[in-house]
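Have a look at the structure below, then the notes.
All chains are named by letter (A, B, ...) in the order of the sequence lines, taking the proteins before the strands, and each is independently numbered beginning at 1.
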Amino acid sequence: MFIALILTFTIMSISTTTQFFSHLNPNQRFAVEHFCGPLLVVAGAGSGKTSTLTYRIANLILQHRVNPENILAVTFTNKAAREMKERVQNLFSEQLALLDYGEKLNFLPEYEKTKIKSRVWHNYIKEMWIGTFHSLFARVLRFDIEKYQDEQGRKWNRNFSIFDESDSQTLVKEIVSKKLNLDDKKFDSRSVRYAISNAKNQGFSPGELELECNDYKGRVIAQVYSHYQDKLAENNALDFDDLILLPARLFQQNEQVLGYWHQKFHHVLVDEYQDTNRTQYQLIQQLVTNGERKKSNRNWNQRSVFVVGDADQSVYSFRMADFTILLEFQRDFGDGLADEYTSTMVKLEENYRSSENILQAANGLIENNTQRIDKILKATKGSGESICCHTADDEVAEAQFVINQIRTLENQNPELDWVSFAILYRTNAQSRPFEDILVRLGIPYTVVGSLKFYDRKEIKDVLAYLRFIVNPSDMVSLLRIINTPRRGIGKTTINNLVNAAHELKKPLWEVLVDEISVNNLAGRASKSIKNFVQMVINWRREIDILSVSKLVKQILESSGYIDSLKDHGTDEAENRLQNVRELFNAVLQFEEENEEVSLENFLASTALNSNLDDLKEGDSAISLMTLHASKGLEFPIVFVIGLEQGLFPNYRSMNDPMALEEERRLCYVGITRAQDRLYLSHAKERRLYGYREPALRSQFLNELPEDLLVTQFCKSQKDTKNTFLPKSSDISNYASMPCWKVGNKVLHRTFGMGEITHVFGGGDKISLAVKFDYLGQKIVNPLQLQQVN
DNA sequence: CGAATGAGGGTTTTT
DNA sequence: CCCTCATTCG
């Protein structure tokens, strides 16, 4: 096996040098071929950044024979991590196919293809540590957290829970209002929680935060922070920020632990480096230097740190990302020479994504910023279409215009599909009018990110069961499930038990296990508690016996959770049941896709993957998302909507020059998502909290080069309006005609003849499933149908 | 003990 | 406008 690997390396390295990166430009090539030492890659939007990263990883392994397990690659999102793995896997499979069969991978039979891919997965991909800061260092903590103790002596063990934002919020709230009896007007839990998070992201412990603060408010926040850590430790739980802060602290206090990980990761790569915060930077620095401060003492033999980023796309300072970290890379790691002479920085400025008009708009906008690395995107494509700027009466008209445009374009251009379109906005709430129309028209769409699957009650309930089974100290989860579904364990009973646990300074669970205590404290409910306790004990026994999915199934059934939903009988309960089933599917999928399947690992993946949308990938649908969520993506046609003063730029940023620059960068990100066509729109009036408010054109629109914009589209829109999109009053007239019946033959304006198979909804929200003669079954809008006899 | 009802408050962006 | 929380009633 080992010999085979070596052989593979040797032969592959011969076959790779020639065409492996023949299509890369000189600067990309420089980056890809970089082996040891530091390198900063300043990668403009659409400059082939992801390719560069994946090719470099491939090059390290194939060319320089780096062992995959010595590679650490940090991405910004889980999705990016998955994509990177997939791309490296494809690259390797491609090479291996050439080598073993002298054929392109795609020409091989399916069976051989799969064989190669799984071989690549086993030998290379699986061994690399590719993921987000949070998931990678959660993994580190599973190994080493028991060696850590904070300055107050708080400790955790390897079964720790990861608390989500609402868990954290609840904890902080409890401390503020119950424990410390603070005025919750002055110390509202949201902003206190935010302050604590910021402190953690800057590397401060409660004690250090207190020293930092001179004012009363700061000291109180430090105090809340301290109590908050007590609570977390009591629950054997960590929040998101701890997943970064704890390892950094551990590395600081324990040379051996740091030494181990330093020894393991010879090559450290960080994507989206402009979005790292101080604590994350500290981690990278520790791993790379092994704590050696002096630059001249650092040993780069067989080692590198390779970071990729673009200060112009730094849009996460609200969560303490600090792009000066990127600006200071040359000083901290590099040779610090001027741009012409340096060998530790390279710029990728050639843009392969967008048409020239779009790039010029982007460049023109970003030049209004002061804080940046001088960099300009150079076009490699033709000038393309003009950018369309549209003024709508209000947010509904805006949505109508956009969707109207999409339908027109989709109709006129056979090469376009629904996936070609993206609608980008500043705030999640802006998706609503778009969704309303899209639902009515039966156009498929996905809202990325806003649907927080794991935030739903039923999902949190089920996860609480799992969390508590793994981690008996997790009282937050225990309290969530002890009487869900109803077991007759009421508030008073629970209070008694909690108080007793508190008095005895024992975990709640230990009190529950003790029958005598329960008999005395719980009275009538004691039988239910004993049953509950027995149930949990049984599940814990099964952890090592059953597979994760079997265990989850067992829990869902024997807890009575599923039954109680079924008994409920309402639509809402049915919906919840559906979500629980979907969660169960996620478990099955997790089992298929992962090597180390354990309940802990599944829970970590759910805590760190905030949504499930990657599960439902594959259907052709228009994408709706925030500008933040769009980072790293690209679409043929992009609509950036709601360009109004106060909304975008957001009113909270308007009086702060730095914050305003960040808003501008966000706009820059939006513009540079577009490949072929870009639409910008704003409304003259917008609903906010239910009130209509007049709105002004965004200043960003004025900052764009005027000659690139075309506004005439607003006129031609009137022509198309009637043909494509009836006013809402028309819609209700049409749709309320009670003429659609299952079995009716219909003619669709684009899909042709078909037969109705289902009728959904009622009133003005009717949609129909139609089985078309040529295209199979689709859900369509009645407006596009004609009845045929 | 649990469901129903009303007031009040809140939207920037997310791992 | 929508959701959460708290209080009240059954």
Please state how far atom [atom1] in [X] lies from atom [atom2] in [N], giving the value in whole angstrom units.
X	N	atom1	atom2	result
A:Leu647	B:dT12	CG	P	11 Å
A:Tyr316	B:dT14	OH	P	6 Å
A:Asn198	B:dT13	CG	P	16 Å
A:His134	B:dT15	NE2	C1'	4 Å
A:Ile494	B:dC1	CD1	P	9 Å
A:Asn483	B:dA3	CG	P	10 Å
A:Ile489	B:dC1	CD1	P	11 Å
A:Lys631	B:dT15	NZ	P	11 Å

- prompt: Taking all non-hydrogen atoms of both residues, which atom of A:Ile437 and which atom of A:Val396 are closest, and how far apart?
  reply: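 Answer, listing the atom of A:Ile437 first, then A:Val396: CD1-O, 4.3 Å.
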task: For nucleotides C:dC5 and B:dT12, find the distance between their C1' atoms and express it as a whole number of Å.
output: 24 Å
A:Phe323 and its side chain to side chain contact (heavy atoms under 4.5 Å, CB included) partner, picked from A:Gln313, A:Arg665, A:Arg372: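 Filter result, single survivor: A:Arg665.
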message: According to side-chain contact (heavy atoms from CB on, under 4.5 Å), who are the partners of A:Asn198, at least two apart in sequence or on a separate chain?
response: A:Tyr194, A:Gln202, A:Met320
message: The criterion is side-chain contact (heavy atoms from CB on, under 4.5 Å); which residues satisfy it with A:Ala73, sequence neighbours excluded?
response: A:Ile57, A:Met84, A:Ile130, A:Leu269
Are any protein N/O atoms closer than 3.5 Å to N/O atoms in nucleotides 1-5 of chain C? If there are, list each pair with its distance.
none

field: Derivation of the side-chain hydrogen bond (donor to acceptor under 3.5 Å, both in side chains) call for A:Lys530 and A:Asn519
entry: CA-CA 9 Å; A:Lys530 282 178 207 160; A:Asn519 283 337; 2.8 Å; yes
Given [options], identify the nucleotide with an atom nearest to the side chain of [X].
X	options	answer
A:Asn428	B:dT13, B:dG2, B:dT15	B:dT13
A:Thr493	B:dT13, B:dC1, B:dG2	B:dC1
A:Thr626	B:dT14, B:dT12, B:dT15	B:dT14

message: Can you confirm whether or not the ring centre of A:Tyr225 sits under 6.0 Å from the ring centre of A:Phe204?
response: no
- prompt: With centres under 5.5 Å and planes under 30° as the test, does A:Phe318 stack with B:dT12?
  reply: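 Base of B:dT12: not stacked against A:Phe318.
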- request: Tell me what A:Thr276 touches on the nucleic acid: a base, only sugar-phosphate, or nothing, going by heavy atoms under 4.0 Å.
  value: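 Here A:Thr276 touches no strand at all.
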Under 4.0 Å between a side-chain N or O of [X] and OP1 or OP2 of [N]?
X	N	result
A:Arg652	B:dT12	yes
A:Asn78	B:dT15	no
A:Arg486	B:dA3	yes

- prompt: Among A:Phe648, A:Tyr316, A:Phe76, which one satisfies ring pair (Phe, Tyr, Trp, His ring centres under 6.0 Å) with A:His628?
  reply: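 When A:Phe648, A:Tyr316, A:Phe76 are each tested with A:His628, the ring pair (Phe, Tyr, Trp, His ring centres under 6.0 Å) holds only for A:Tyr316.
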task: Report the residue (A:Asn650 or A:Glu165) whose heavy-atom-nearest nucleotide on DNA chain B is the more 5′ of the two.
output: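 Result of the comparison: A:Asn650.
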field: A:Asn650 and A:Ser653: CA distance, side-chain angles, deciding distance, side-chain hydrogen bond (donor to acceptor under 3.5 Å, both in side chains) verdict
entry: CA-CA 6 Å; A:Asn650 191 270; A:Ser653 312; 4.8 Å; no
